[in-house]
Amino acid sequence: MNITLKDGSIKEYSGPMSAYDIARDISEGLARVACAAVLNGKVVDLRTIVNEDAELGILTFRDEEGKAAYRHTTSHVLAEAVKRLYPEAKLAIGPSIDTGFYYDFDCPSFDREALDKIEAEMKKIIKEGNKLEYFTLSRDEAIKFMEDRDEPYKVELIKELPADAVISFYSQGDFTDLCAGPHLMSTKQIKAFKLISSSGAYWRGSEKNKMLTRIYGTAFDKKTDLEEYLRYLEDIKKRDHNRLGREMELFTTVDVIGQGLPLLMPNGVTIIKELQRWIEDLEDNEWGYVRTKTPLMAKSDLYRISGHWDHYKDGMFVLGDEEKDKEVYALRPMTCPFQYYVYKASQKSYRDLPIRYGETSTLFRNEDSGEMHGLTRVRQFTISEGHLIVRPDQMVEEFKGCLALAKHCLTTLGLNDDVTYHLSKWDPENKEKYIGEPEVWEETQQHIREVLTELDIPFIEDVGEAAFYGPKVDINARNVYGKEDTMITIQWDALLAEQFDMYYVDQDGNRKRPYIIHRTSVGCYERTLAWLVEKYAGKFPTWLCPEQVRVLPISEKFHDYAERINSKLRSYGIRSSVDERSEKIGYKIRDARLHRVPYMLIAGQKEEENETVSVRSRYLGDEGSKKLDEFISEVTEEIRTKQIRKIEVEEQ
């Protein structure tokens with residue numbers, strides 16, 4: 001048989017060979033680092049027998065599929081270690097993931113001391129170097145095999161496999177796990193790993209099921225790469241908005257108030273207030289929006305017209321019982337149908353369009369408890385929501401305008417390079433999830449595709465991610481842990497005007513249906529705040545800082561001068577304060593740095609005599625002595641232009 005390798009060369013063999021043996025024939029060094037193989041385009045285990053002409057590639061840790069096999073094997077070592085140390089633990093699932101692997105167990109939670117103990121046991125298992133052996137069983141044999149070992153979760157998984165499924169297992173020494181593979185040839189190949197954390201996770205991801213204990217870990221083929229990744233994780237912890245936001249007193253959460261209902265504290269409110277004022281002024285004064293203010297709830301009748309009651313009810317907070325109450329209300333998960341009735345309040349001519357409605361909307365969505373995280377996914381949030389009612393001939397240019405506004409906002413915040421654009425399409429295999437005819441969906445999706453292409457915006461197409469009434473552009477970003485969230489949405493809607501009987505009178509006196517664009521300019525303010533915290537590690541651009549300047553008198557004698565400085569700063573709208581504590585100036589400087597204040601003004605005898613201030617900043621360090629008016633002029637201009645200054649000095 002002839003085996004065509006990745007480089008195009010051909011190896012000839014007289015009989016069947018395993019992928020691993022072919023790797024050994026190519027090079028002993030390659031066999032030592034081989035993790036899996038690709039046979040005729042399909043990822044397979046190295047134990048796979050090749051018995052006819054084929055194309056074969058050997059995968060190492062440098063390949064994503066090879067890395068997944070390597071880490072999946074490490075998850076099996078973790079499971080074996082847990083079973084050795086805690087025999088009563090029940091095995092659930094243990095896949096590889098982008099950042100490493102995890103394994104779920106039905107057992108009490110693990111603290112750091114327990115994780116260290118498990119790590120030590122894993123090292124023993126790796127040192128033993130047991131080979132991983134692959135075998136299959138019939139369905140009945142497989143069920144009995146796992147029942148005999150008292151592994152109920154594995155039994156459940158086996159029973160749910162398709163009738164024609166191959167039920168396969170891997171054993172390593174005395175440990176055996178239900179698994180489809182692929183895996184390394186031996187545990188001894190694992191060179192470097194670390195257990196990162198332990199947390200709760202619902203079985204099968206459903207809160208209706210039992211809460212299990214999940215252990216996260218990572219693995220690399222080189223110790224240096226592991227060490228570099230662990231340093232990266234330390235940096236992530238410093239940037240995690242859920243931790244840093246609480247340290248900076250931006251927000252907090254309280255159990256008795258509820259999950260996904262954060263309390264914004266004064267510092268957090270200051271930042272969101274700045275963002276909201278900026279967006280409202282930007283939209284109204286420069287982009288032609290008009291403001292609405294609509295109710296936070298409505299009768300179910302409204303949501304039945306829009307289709308949300310049929311397509312989105314499970315994600316809403318419903319007030320009342322349909323079987324008992326005459327009227328049932330729901331907190332709004334969106335603003336669009338409310339603004340439609342603002343539009344319908346008076347007859348519109350073709351000359352009146354486009355109309356761009358903007359609203360700073362508080363919305364409510366009944367997110368799953370397992371999805372809650374800090375400010376990125378909450379149940380009550382505020383959004384820079386807008387709806388544009390346009391003639392069909394205006395749709396393309398207005399859609400481009402919404403993209404331009406979004407890009408302007410991202411650029412101003414320094415976030416434009418951190419996003420990806422997605423064309424979120426309908427799923428033609430699940431038509432019942434949507435309203436409208438297939439040809440309308442295909443036509444509107446093509447319009448968006450052409451707009452993005454014309455604007456030279458790279459984008460990814462995602463099937464099944466559209467709203468039930470229209471395709472959209474989702475602008476997504478990843479948090480410090482790599483999870484992707486939608487930050488800004490711009491949606492093409494050619495359907496809901498019909499649902500709400502919206503029309504305008506054209507130049508011939510006939511009634512015509514408008515099109516609608518649903519969009520946000522900066523998205524959800526809470527999520528944007530979380531994004532900014534992680535982007536800047538809390539060192540926001542000056543215009544967003546809760547405290548922009550701190551005045552530091554050298555001693556009590558200069559408190560009056562410091563107060564005069566502070567009063568003048570505040571008269572120019574600069575958020576400033578005076579540190580009047582009886583501490584040495586070095587301590588005050590360190591404390592201001594700790595609180596991420598961008599500017600410190602030191603006031604002493606020389607400064608008072610000359611009506612100056614000694615300026616220290618996070619950007620240049622010691623900026624020397626300046627006249628107060630000069631400093632105010634520079635900082636107010638920085639704030640007005642929303643400048644993002646580069647930090648050029650290392651803080652001590």
Side-chain angles (χ1 to χ4, degrees), residues 206-208 257-261 291-346 355 357-369 371-372 377-389 424 426-427 430-437 440-441 464-472 486 489 491-503 513-520 524 526:
S206 172
E207 61 184 354
K208 296 177 182 178
I257 291 175
Q259 194 177 15
L261 299 171
R291 295 275 122 202
T292 64
K293 185 173 177 60
T294 55
L296 300 181
M297 67 178 76
K299 295 195 295 185
S300 60
D301 306 46
L302 179 71
Y303 305 116
R304 293 180 198 279
I305 296 171
S306 68
H308 286 90
W309 202 253
D310 294 328
H311 293 273
Y312 196 75
K313 183 181 175 185
D314 288 345
M316 297 166 65
F317 288 101
V318 177
L319 310 176
D321 187 321
E322 291 182 86
E323 295 182 2
K324 298 178 181 177
D325 299 323
K326 184 177 180 181
E327 291 184 342
V328 174
Y329 286 76
L331 299 177
R332 65 179 184 185
M334 81 308 290
T335 308
C336 42
F338 297 86
Q339 290 189 332
Y340 298 162
Y341 280 98
V342 173
Y343 175 86
K344 284 166 60 73
S346 61
I355 296 176
Y357 293 119
E359 183 166 335
T360 302
S361 307
T362 297
L363 305 179
F364 306 85
R365 294 182 184 173
N366 192 9
E367 301 280 5
D368 291 337
S369 60
E371 293 293 317
M372 300 294 121
R377 195 165 290 277
V378 293
R379 286 173 169 158
Q380 175 183 311
F381 56 94
T382 302
I383 194 168
S384 59
E385 195 164 17
H387 296 89
L388 289 75
I389 319 298
S424 296
W426 79 318
D427 180 1
N430 292 284
K431 295 178 184 177
E432 69 281 356
K433 290 171 56 180
Y434 309 93
I435 62 174
E437 297 302 317
V440 175
W441 281 90
E465 293 300 316
F468 68 85
Y469 49 86
K472 55 184 176 172
T486 297
T489 292
Q491 186 169 334
W492 187 300
D493 176 6
L495 298 171
L496 284 184
E498 180 78 28
Q499 303 275 105
F500 283 88
D501 191 28
M502 298 166 66
Y503 68 89
R513 297 291 183 204
Y515 282 179
I516 302 165
I517 300 174
H518 308 242
R519 48 99 278 177
T520 56
C524 166
E526 289 85 352

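The main-chain N or O of Ala298 is never found under 3.5 Å from a side-chain atom of Arg332 such that the two would form a donor-acceptor pair. Although no hydrogens or angles enter the test, the distance criterion places a donor-acceptor pair under 3.5 Å between the side chain of Asp493 and the main chain of Leu496.
Nearest heavy atoms, Ala494 versus Val440: CB-CG1, 4.2 Å. Here the closest non-hydrogen pair linking Glu359 and Thr292 is OE1-OG1, 2.6 Å. Phe468 and Trp441 get closest at one heavy-atom pair: O-CZ2, 3.4 Å. When all heavy atoms of Ile435 and His311 are compared, the closest pair comes out as CG2-NE2, 3.8 Å. Taking all atoms of both residues into account, the shortest heavy-atom contact from Arg519 to Ser384 is NH2-O, 3.0 Å. Contact detail for Cys336 and Tyr469: the closest heavy-atom pair is SG-OH, 4.3 Å.
Aromatic ring centroids of His387 and Tyr343 lie 6.0 Å or more apart.
Put simply, the side chain of Phe381 reaches to within 4.5 Å of the side chain of Arg365, judged on heavy atoms. Inter-residue side-chain proximity for Phe364 and Asn366 is flagged as unmet; no heavy-atom pair is nearer than 4.5 Å. Contact annotation: the side chain of Leu302 approaches that of Phe500 to within less than 4.5 Å [non-hydrogen atoms, C-beta and beyond]. Contact annotation: the side chain of Glu465 never approaches that of Thr486 to less than 4.5 Å [non-hydrogen atoms, C-beta and beyond]. Contact annotation: the side chain of Trp309 approaches that of Val318 to within less than 4.5 Å [non-hydrogen atoms, C-beta and beyond].
The aromatic rings of Tyr303 and His308 sit perpendicular, their planes meeting at an angle over 60°, well past the 30° parallel limit.
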- Full working for side chain to side chain contact (heavy atoms under 4.5 Å, CB included) between Trp426 and Lys433: CA-CA 9 Å; Trp426 79 318; Lys433 290 171 56 180; over 6 Å; no
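Considering CZ of Arg304 and CD of Gln499, their distance stands at 14.0 Å, rounded to 0.5 Å. Considering CE of Met502 and OH of Tyr515, their distance stands at 13.5 Å, rounded to 0.5 Å. Taking CG from Leu388 and CD from Gln491, the interatomic distance works out to 12.5 Å, rounded to the nearest 0.5 Å. In this structure, CZ in Arg291 is found 5.0 Å from OG1 in Thr360, a value given to the nearest 0.5 Å. Separating the OG atom in Ser306 from the CG atom in Leu495 is a distance of 12.5 Å, to the nearest 0.5 Å. Rounded to the nearest 0.5 angstrom, His518 NE2 and Thr489 OG1 are separated by 11.0 Å.
Judged by the 6.0 Å and 45° rule, Arg379 forms no cation-pi pair with Phe317.
The residues Asp501 and Arg513 are annotated as salt-bridged, a charged nitrogen and a carboxylate oxygen being separated by less than 4.0 angstrom.
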Can you give the donor-acceptor pairs under 3.5 Å from side chains of residues 324-331 to other protein atoms, not counting sequence neighbours?
{"unit_1": "Asp325", "atom_1": "OD2", "unit_2": "Asp321", "atom_2": "N", "d": "2.7"}
{"unit_1": "Glu327", "atom_1": "OE1", "unit_2": "Tyr329", "atom_2": "OH", "d": "3.2"}

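Residue Ser361 is tested with Thr335, Thr294, Thr382 for a side chain to side chain donor-acceptor pair (under 3.5 Å); the sole match is Thr335.
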